[in-house]
Amino acid sequence: MHHSCFPGLFRGLLIPVFAVVALVSAPAADRSVEQWEVVEFTIDLPPNDLNPFDRLPRADVSGPQDRRFAVPGYYSGDDRYTFRISFPEAGDWAVSARDLAETWSVSVEAAPASTLGPVVIPEDRPQHFAYANGESCFVIAFEADWLFAIDLETGGLERTEALLRDIKANGFNQVVMNVYAHDVNWHKDPELPAKYDFSAPPEWPYGGTHENPDYETLNLAFFDHFDRVIALMNELDLTAHVMIYVWNKNVNWPPADDAADRRYFNYVVARYQGYPNILWDISKEATGYGHNDMEYIVRRIDELRELDGHERLVTVHSFSYCAKYPETVDFISYQTWVNGLYQRMLETVERFPDKPIFNIEHGGYEEGPYHVFGGSYEDAVVCLDRNYQCVFAGAYSTHYWQDTSWNVVIWDRTELPAKDRPRYELYGHMAKLFEEYDFSTLKPGRNLASTGFSLSDDEGTILMYLPAGNMRVTTRITDYYDQEMSVRWYDPLTGEYTPAETRTMYKWLRLEPPWRGQPSILILEAFE
């Protein structure tokens, strides 16, 4: 790729990024920032014969222990190009634009213990996620495809923040979202208030309009707003699971592999790889709509990894792709609505022992007051059960509420009568359980009972999930026969524990949950 850089034209601005990016006039040299804080450097490059959106100048970044990586710049308007960086560790760093003589030094301080950092996959726990600060990351994802659009018309982030703070308060820590989507193909509820319908957004990524596109340029106003959404999510410790494409929502994309197609894709990667809360997903339902073949996705991933110096995690919303090309993705995404969900997910966990398994869609679409798109399961508790089946198989999962998942977004559920509100709190209770019991230490699949699904560790902790129809469970805890264990129950609908009791383990010990007609979780713990 041709790079055109000019000595003496580096602006040298270091720009901390919070909920909104704000320019500051202080020089970059000898500035102090925190580890994983998003900062920006800008340069001015006079126009040349290249499309400015295709010019991706590179900055070389070097730091402690000879750590090095490179990041691409992106066009930010008025002949200005921006390098967005978040430094992965404390120490003294240097940043320089290639072919320019001047280097800028940055002193990076260790982040506070509460700063999570990006999501990573620990070497010693390859089927699990963690944060870069060492904390476990029990992923509970929330689908909000049109999150990018709900404040495009307001000029603010009030709606976006209301939704994000609500789901964050209820245990969700990842949002599955599109960069852009246009409209749905299915029938729309005639009772839906217009303010909740975000079909055909007023801005889109390219120039011109969706109906009359100008593929030679990209829409900076659209990406400026998307910056603010991602930065707010970063501030709230919400991971942005960004699906770069979606091919079944009537987007007027240019042809695959066309220069305009690569222009958009590379620009998104260059502009957002610096945010520590980014995960990449090449496309929603990537192989299901005849847009292209799998080799196209391989090429896009190769290009992404060449551009993304921060090495954010990558997946593809297509199990058929992930299963055929597992070496190209960091974690396996699965979409299945089958009845035997637990067994299907357990088989997948066993098939890919070196990668996390993420069920991105299990067919449970919790119903709302306005019908959007029905799954195979709509009752709130049944949808919760689908998520627990994934978790007890050793996989991570995603929740859909019909009235936030697609073009319809009710950003403030308190506007609804209580009977019509989604039960987000059920996932807060799930998060609470796995705050106490580290999911990354638990293994699925041992034959420990006559029924239900079990997770256990090597220290004598056993969790058993019993679906609503289970009246009792008969244990087979052979390692602890004739020994005492602590026994208590967890109510996944209220987040309450029963008082612990002491029971002596023996063959065919029968235990009954204190609730009927609902799921329950049995917790057994060996005494030290």
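For this chain, numbers begin at 1 and follow the sequence in order.
- The aromatic rings of H182 and H210 lie parallel to each other, with less than 30° between the two planes, well short of the 60° mark.
- Side-chain contact annotation: Y427 with N387, donor-acceptor N/O pair under 3.5 Å present.
- Between the side chain of S405 and the main chain of W401, a donor-acceptor pair closer than 3.5 Å is present.
- Of the possible polar contacts, one joining the D281 side chain to the H317 backbone as a donor-acceptor pair under 3.5 Å is found.
- The pair R228-D151 fails the salt-bridge criterion, with no side-chain N (NZ, NE, NH1 or NH2) lying under 4.0 Å from an Asp/Glu carboxylate O.
- Defined by atom type and a distance below 3.5 Å, a donor-acceptor pair is present between the side-chain atoms of N266 and E303.
- Counting heavy-atom neighbours within 6.0 Å of E311 CD, excluding the residue itself, gives a total of 12 or less.
- For the residue pair Y272 / N277, no side-chain donor-acceptor distance below 3.5 Å is found, with atom types taken as modelled.
- A cation-pi arrangement, defined by a distance under 6.0 Å to the six-membered ring centre and an angle within 45 degrees of its axis, is absent between R312 and W280.
- Classified by interplanar angle (parallel below 30°, tilted 30° to 60°, perpendicular above 60°), the ring pair Y180/F148 is tilted.
- Using bins of under 30°, 30° to 60° and over 60° for the plane-to-plane angle, the ring pair Y334/F319 lands in the parallel bin.
- Checking each of T315, T287, T328 against Y321 for a side chain to side chain donor-acceptor pair (under 3.5 Å) leaves exactly one that passes, namely T328.
- The cationic group of R263 does not satisfy the cation-pi geometry with Y215, failing either the under 6.0 Å distance to the six-membered ring centre or the 45° limit from the ring axis.
- Ring orientation note: the planes of W186 and F373 are tilted relative to one another, at an angle of 30° to 60°.
- Ring geometry for F265 against Y245 counts as parallel: the plane angle stays under 30°, on a 0 to 90° scale with 60° as the upper cut.
- The side chain to side chain donor-acceptor pair (under 3.5 Å) test applied to N212 returns no partner, not counting sequence neighbours.
- Without hydrogens or angle criteria, N359 side chain to T336 main chain gives no donor-acceptor distance under 3.5 Å.
- Ring geometry for Y396 versus F439: interplanar angle over 60°, hence perpendicular rather than tilted (30 to 60°).
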Chi angles and distances behind the ring-ring contact (aromatic ring centres under 6.0 Å, His included) call for W411, Y196: CA-CA 8 Å; W411 61 87; Y196 295 138; 5.3 Å; yes

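- Checked by atom type, the side-chain pair Q335/E285 shows a donor-acceptor distance below 3.5 Å.
- Electrostatic pairing of R68 and D66 counts as a salt bridge here, judged by a charged N lying under 4.0 Å from a carboxylate O.
- Note: F358 and H241 meet the aromatic proximity criterion, with ring centroids under 6.0 Å apart.
- Ring-plane geometry between W253 and Y264 is classed as tilted, the angle between the planes lying from 30 to 60 degrees on a 0 to 90 degree scale.
- In this structure, the side chain of S86 engages the main chain of G274 through a donor-acceptor pair within 3.5 Å.
- Environment of CD in E123: sparse, with no more than 12 heavy atoms of neighbouring residues, nucleotides or ligands closer than 6.0 Å.
- Taking the six-membered ring for Trp and the full ring otherwise, the centers of F198 and W146 sit at least 6.0 Å from each other.
- Ring geometry for Y206 versus W204: interplanar angle of 30 to 60°, hence tilted.
- Put simply, the side chain of Q127 gets close to the backbone of F352: a donor and an acceptor are under 3.5 Å apart.
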